[in-house]
Amino acid sequence: MNELAIFPLTDEHKMIQNAARDFAQKEIAPIAAEFDESGEFPYKTIKKMGGMGFMGIEVPEAYGGAGMDSLAYVLALEEICKVDASHGVIMSVNNSLYCHGIMKFGSEEQKQSFVTPVASGQAIGAYSLTESMSGSDAGTMKTRAVREGDVYIINGRKSWVTSGPIAEYIVLFAMTDPEKGSKGVSAFLIDSKQPGLIRGKKEPKLGIRASATSELIFEDFRCPVENRLGKEGEGFKIAMTVLDAGRIGIATQALGIAEAAYEAARQYAGEREAFGQKIGQFQGTGFKIADMKTRIEASRLLIYNAAMAKEKSKESGGRYSLEAAMAKLFASETAMFVTHQAVQIHGGMGYSKELPLERYFRDAKITEIYEGTSEIQRLVISRNELGLK
Ligand code: CAA
C-alpha cells in the first residue's frame, strides 16, 4: 500500500512513483548486494538515475531538474530506498542537501552554474558541515574562511561527507568570524576542480556501503566571493534550513528500508512452518507483523505530512523543522525496529548474506545518526513544543 486516503496522489505522483519502482527493480535490485559487498560507488546506475530526472526532482526544468513537488520527491526516493539505501542516500543528498539549499538561497548565476549540472545528473553534489569535533554541536566548527579581496582562503578538515570522495560540487560551511560562534558561519559553493581540496580517507562503514563517505581537507583553497551562498554570517541558518529538507529525505530512506524488510518478513511468516503451522499463525510472530506494519504506516503519514509542509513553505517561507524532525525520529527508529524484527522472524536465514535482511539491518542504523541523531531530533521537537526556540 503506497496510497493513503488523506494523501490522494495525482497522476504525476503515480507516474514518478511507478518510474522509480520500475527503475529500482530492473536496474538496482540485481546489483545492490554486489555493490554493498565491494563498497564500490555505483556510477552507472547513479548516472542513469540522473537521466531519469531523479537527481533534482524539485528543481525547475530550467535548471536541469524535473520540476515536481516535495511529495513527488519522497515517493520516488521511497521506491529507490526500498531496493537499496546506498543509492537512496546519494539521491537524497543531491536533491535535498545540495540542490535545495542553492535553489533557496542562491543567486541566479549560482543556480545556473552549481545546480544545473547536479540536478541533471551530470555531476554529484555534497554537503559538508561536520568536523571530527563538531557533529551535533555544529556551530563549533574550526574550518576557517578568511576574505582576501575577491576571494576567501579556506583551510580546515571536514568529516563524514556523503559522496565526499567523488562529488564535483560541494556546499561547504566554514567560520568567517569565529568570535561570533554560530553567527560567524558562512556557506560556500565549492568547485572541486580548483586546487586546494584534498579528499581524505574513505570511511569503512557498517551499512550504506556503496555510498562513498570521506573527509575533505581544504588547504589554502581559494573560493571566489561570488561563490559565497547567502550573506556572511548566515551560514548556520542556511545549514539548519537545508537540514530540515534533508531530514525528510533520511526519514524516507528509513521508510524504504523498513518496507523492504517488512515485506520479506510478512511473506516468510506466511510460508515458513514450525511446530506444525505457519510461523505467522503464532501470536508471537503475528503481533510482530502488526507492530511493524502499524509503525511503517505511521512513519509514512509523518513523512508525507512533512513533505506537504515543505511544499507549503515554498510559498509561505515558514519553517517545517518540527514536522521534519518528527518524521525522521519516528521513521528511523521504526527502520531499526522493523529490520531487527525481520531478521528475528527469519531466524538463521535473516543472519545470512544469502538474503538482503542483514543488509537492511545494517543500513537502517545510520538513519538514526546522520543529518541529526535521534537525540537531536528530540531536542528540536521538545524545544519547539516548549517554546524554547
Ligand atoms: N531553520 C532556520 N533557522 C534555524 C533552524 C532551522 N531549522 N534551527 C536553528 N535555527 C536558527 C535559530 O533560530 C537561531 O537563530 P537566532 O539566533 O537568530 O534566533 C540560530 O539558528 C541558532 O540556533 P540554536 O541556538 O538553536 O542553535 P544550537 O547551537 O542550539 O543548535 C541544533 C541547534 C538543533 C542542536 C543544531 O546544531 C543541529 O541541528 N545539530 C545537528 C547537526 C546535524 O544534523 N548534522 C548533520 C550533518 S550532515 C550529515 O550528516 C552528513 C551527510 O553528508 C549526510
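In listed order, ligands and their atoms are each counted from 1.
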Under 3.5 Å side-chain donor-acceptor pair for [X] and [Y]:
X: Asp191; Y: Asn227; value: no
X: Glu108; Y: Gln112; value: yes
X: Glu234; Y: Ser186; value: no
X: Tyr98; Y: Ser163; value: no
X: Lys142; Y: Ser134; value: no

Which of the atoms of ligand 1 are close to [X], meaning less than 4.0 Å from one of its heavy atoms?
X: Asp244; result: 1 (N), 6 (C), 7 (N)
X: Arg383; result: 26 (O), 30 (O), 33 (C)
X: Lys183; result: 16 (P), 17 (O), 18 (O)
X: Thr130; result: 47 (C)
X: Leu243; result: 43 (C), 44 (O)
X: Leu379; result: 35 (C)
X: Tyr370; result: 50 (O)

Contact partition for [X] relative to ligand 1, non-hydrogen atoms under 4.0 Å:
X: Arg247; result: side chain
X: Thr373; result: neither
X: Ser136; result: backbone
X: Trp160; result: backbone

Looking only at distance, does [X] have an N or O less than 3.5 Å from an N or O of ligand 1?
X: Phe236; value: no
X: Asp137; value: no
X: Ser182; value: no

Taking only Lys NZ, Arg NE, NH1 and NH2, and the carboxylate oxygens of Asp or Glu, determine whether [X] and [Y] approach each other closer than 4.0 Å.
X: Glu271; Y: Lys278; result: no
X: Lys193; Y: Glu168; result: no
X: Lys82; Y: Glu79; result: yes

Closest contact, heavy atoms only, Ile166 versus Tyr43: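 Scanning both residues, the minimum pair turns out to be CG2-OH, 2.5 Å.
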Validation row: His87, Ile46 side chains within 4.5 angstrom (heavy atoms): yes
Return the option from [options] holding the heavy atom at the smallest distance from [atom].
atom: atom 13 (O) of ligand 1; options: Arg319, Gln377, Lys328; value: Arg319
atom: atom 49 (C) of ligand 1; options: Glu234, Glu371, Lys158; value: Glu371
atom: atom 38 (C) of ligand 1; options: Lys237, Glu375, Met240; value: Met240

Within the 6.0 Å centroid threshold, strictly below: Phe173 and Tyr127: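 So the answer is yes for these two rings.
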